[in-house]
2 protein chains.
Amino acid sequence: MSESQLINNPDTVSEATINRLSLYSRLLSALETEGITVVSSRELSSRSHFTATQIRRDLACFGQFGKRGIGYEVSTLKRAVNEILGVHIRRKVALVGVGNLGSALLGYRVLYAHNFEIVTAFDSDPQKWNQVINNVVVQDPSRLPQIVRSEQIEIGIIAVPPHAAQRTLDLLVSAGIRAILNFSPTRLVVSRHIKLRNVDLSIELEGLSYFLQHEPINAHKKHDSRCK
Amino acid sequence: MSESQLINNPDTVSEATINRLSLYSRLLSALETEGITVVSSRELSSRSHFTATQIRRDLACFGQFGKRGIGYEVSTLKRAVNEILGVHIRRKVALVGVGNLGSALLGYRVLYAHNFEIVTAFDSDPQKWNQVINNVVVQDPSRLPQIVRSEQIEIGIIAVPPHAAQRTLDLLVSAGIRAILNFSPTRLVVSRHIKLRNVDLSIELEGLSYFLQHEPINAHKKHDSRCK
DNA sequence: TAGATTGTTAATCGATTAACAATC
DNA sequence: TAGATTGTTAATCGATTAACAATC
């Protein structure tokens with residue numbers, strides 16, 4: 001199966017659509033496990049919180065995967081979605097920062113199950129060098145450029161303290177890494193040709209706090225308001 | 001300082017705006033540290049990747065905080081934003097699932113610095129009961145409802161394996177928790193009156209994988225395309 | 001063929017940006 | 001007063017939803 005049927009230029013596909021593709025992939029895996037071989041967008045919709053139209057439109061960004069009057073072949077669509085996401089290939093990941101969060105990521109099986117593999121870890125603390133955590137050896141960050149190249153690592157994860165985050169990002173980029181996941185609660189500056197995603201736990205918790213602050217217990221009513 | 005000047009019904013404020021408020025709060029803290037006392041939306045814009053209009057509009061959802069011709073008083077605006085987010089109050093958090101990720105969260109200082117405190121942890125594995133991790137005692141989940149009530153815990157974090165996530169959510173909700181952060185890669189079903197946010201690392205990494213798959217190295221060009 | 005469902009165009013909705021009157 | 005900057009209305013942009021012709 002090749003990507004020859006791809007019609008779209010991915011530059012123009014929204015991040016929201018890409019995120020939904022990940023969920024479609026999981027949904028299709030679940031259907032496959034259940035032994036369901038053909039599925040309509042309506043059925044996919046009923047098993048998720050997406051509308052049938054939205055699912056069809058998202059897929060239409062990348063080609064024509066269904067049969068009118070019939071629906072989608074589950075295994076074919078799943079393979080296509082995984083290829084669109086590029087998750088049919090195992091991706092090698094470098095972790096920088098082996099503190100609490102970093103060590104946890106080394107043992108986080110879900111990532112491995114989704115075809116990502118943390119193959120090296122780095123920490124600026126010399127006491128951690130050569131420690132082995134979940135089969136991964138912690139290295140001196142000065143060795144990062146060489147190891148990234150020799151191991152063909154494509155993705156970097158930043159799990160260092162806030163003050164070291166920008167420096168770490170620059171190090172990863174100069175080593176040729178083009179896709180980076182940042183866990184530090186810092187807005188980093190990066191060239192447009194590099195993909196940076198942020199996971200910011202403080203923002204998530206503060207969003208929950210906002211809800212607690214404003215949503216009275218047992219509130220069910222709706223008002224109108226000046227602010228959309 | 002009270003919330004008396006709040007004009008808006010928060011039901012209608014978008015999640016995007018709320019997330020930006022967290023970043024405005026940080027920005028204002030940094031300005032305060034620098035000794036800057038008054039700031040314009042233009043200056044805030046230049047120190048972030050938000051437009052001045054967007055900042056003014058976000059704030060306008062909640063009242064009038066600036067002086068025309070002058071700008072915003074940094075400390076006043078910071079306090080107002082923190083009250084809007086409800087982060088002026090310390091919030092107690094219960095963690096469920098003390099595996100790799102859960103243990104890491106117990107030691108994650110950034111949360112404490114943002115006024116969140118994990119006061120108890122639960123795990124279904126009896127071998128972990130009564131273990132103390134970062135001053136927090138791991139408990140039997142059957143004690144959760146009682147402890148949530150006695151400790152006045154408002155927020156729950158789900159860090160259990162995927163198959164236990166829905167059950168954990170239901171347990172938290174039945175104990176009276178209304179705001180929940182879910183780390184399991186599972187889409188959970190929840191009543192409309194409960195706020196659930198998901199942190200899904202697989203989706204983030206798959207978004208990076210998509211970029212690697214589609215963005216050729218050194219690609220700078222733009223095409224037009226059928227898909228917006 | 002009749003019924004079902006896709007792929008896509010047109011309509012709607014919501015969020016962002018531009019513009020500007022109000023006012024410090 | 002003149003210059004600056006807010007708060008807000010109107011215009012634009014982008015994403016979602018509805019509708020339907022194409023077609024299995």
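Both backbone and side-chain heavy atoms feed into the values below; hydrogens, waters and symmetry mates do not. Proteins come first, then strands; the chains are lettered A, B, ... in the order of their sequence lines, and each starts at number 1. All values derive from a computational prediction rather than experimental measurement.
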Practice task
For B:Ile55 and C:dT17, give me the distance from atom CD1 to atom C1', rounded to whole Å.
Solution key: 13 Å
Exercise for the section: Please determine if a side-chain N or O atom of B:Ser41 lies less than 4.0 Å away from the OP1 or OP2 oxygen of D:dT5. Expected result: no
Problem - SB check A:Glu32 A:Arg79 (cutoff 4.0 Å) - result: no
Problem - Atom-to-atom span, CG of A:Leu44 to C1' of C:dT6 - whole angstrom - result: 13 Å
Practice task
Not counting sequence neighbours, which residues clear side-chain contact (heavy atoms from CB on, under 4.5 Å) with A:Thr186? List them please.
Solution key: A:Pro162, A:Ala165, A:Ser184, A:Leu188
Practice task
State whether the distance check finds a donor on one side and an acceptor on the other, under 3.5 Å, for side chain A:Arg57 versus base C:dT6.
Solution key: no
Practice task
Between B:Val39 and A:Gln54, name the one whose nearest nucleotide on DNA chain D is closer to the 5' end.
Solution key: B:Val39
Practice task
Let me have a per-nucleotide readout for nucleotides 19-24 of chain C, 5' to 3', with B, S or -, counting only protein heavy atoms under 4.0 Å.
Solution key: B-BBBB
Problem - d(CZ, B:Arg42; P, C:dT17) in whole Å - result: 17 Å
Practice task
Please say whether the positively charged group of A:Arg90, taken as NZ for Lys or CZ for Arg, lies over the ring of A:Tyr112, i.e. under 6.0 angstrom from the six-membered ring centre and within 45 degrees of the axis.
Solution key: yes
Exercise for the section: Would you please classify the geometry between the B:His214 ring and the A:Phe62 ring as parallel, tilted or perpendicular, with 30° and 60° separating the classes? Expected result: tilted
Exercise for the section: Round to a whole Å and report the spacing from CD of A:Glu43 to P of C:dT5. Expected result: 10 Å
Practice task
Could you work out which one of D:dT17, D:dT5, C:dT17 sits closest to the side chain of B:Ser40?
Solution key: D:dT5
Exercise for the section: Let me know the distance between CD of A:Glu73 and C1' of C:dT6, rounded to the nearest Å. Expected result: 16 Å
Handout entry: Salt bridge B:Glu34-B:Arg47, side-chain N to carboxylate O under 4.0 Å
Key = yes
Handout entry: Pair B:Gln54, B:Asp58: side-chain N/O donor-acceptor within cut-off below 3.5 Å
Key = no
Practice task
Pull out every stem in DNA chain D, meaning runs of 3 or more consecutive Watson-Crick or G-U wobble pairs with both distances under 3.5 Å.
Solution key: C:3-24 with D:3-24
Exercise for the section: Quickly work out the B:Leu59 CG to C:dT16 P distance and round it to whole Å. Expected result: 14 Å
Completion exercise
To the nearest angstrom, the CG-C1' distance between B:Leu77 and D:dT5 comes to 14 Å
Problem - Residues B:Glu215, A:Arg178: salt bridge by 4.0 Å N-O rule - result: no
Handout entry: Proximity to the side chain of B:Tyr72 - top-ranked nucleotide from C:dG7, D:dT6, C:dT5
Key = D:dT6
Practice task
Report, as yes or no, whether the 6.0 Å neighbourhood of atom CZ on B:Arg187 holds more than 12 heavy atoms from other residues, nucleotides or ligands.
Solution key: yes
Practice task
Run through A:Asn198, A:Leu172, A:Val199, A:Val96 and flag the one making a side chain to side chain contact (heavy atoms under 4.5 Å, CB included) with A:Ile158.
Solution key: A:Leu172
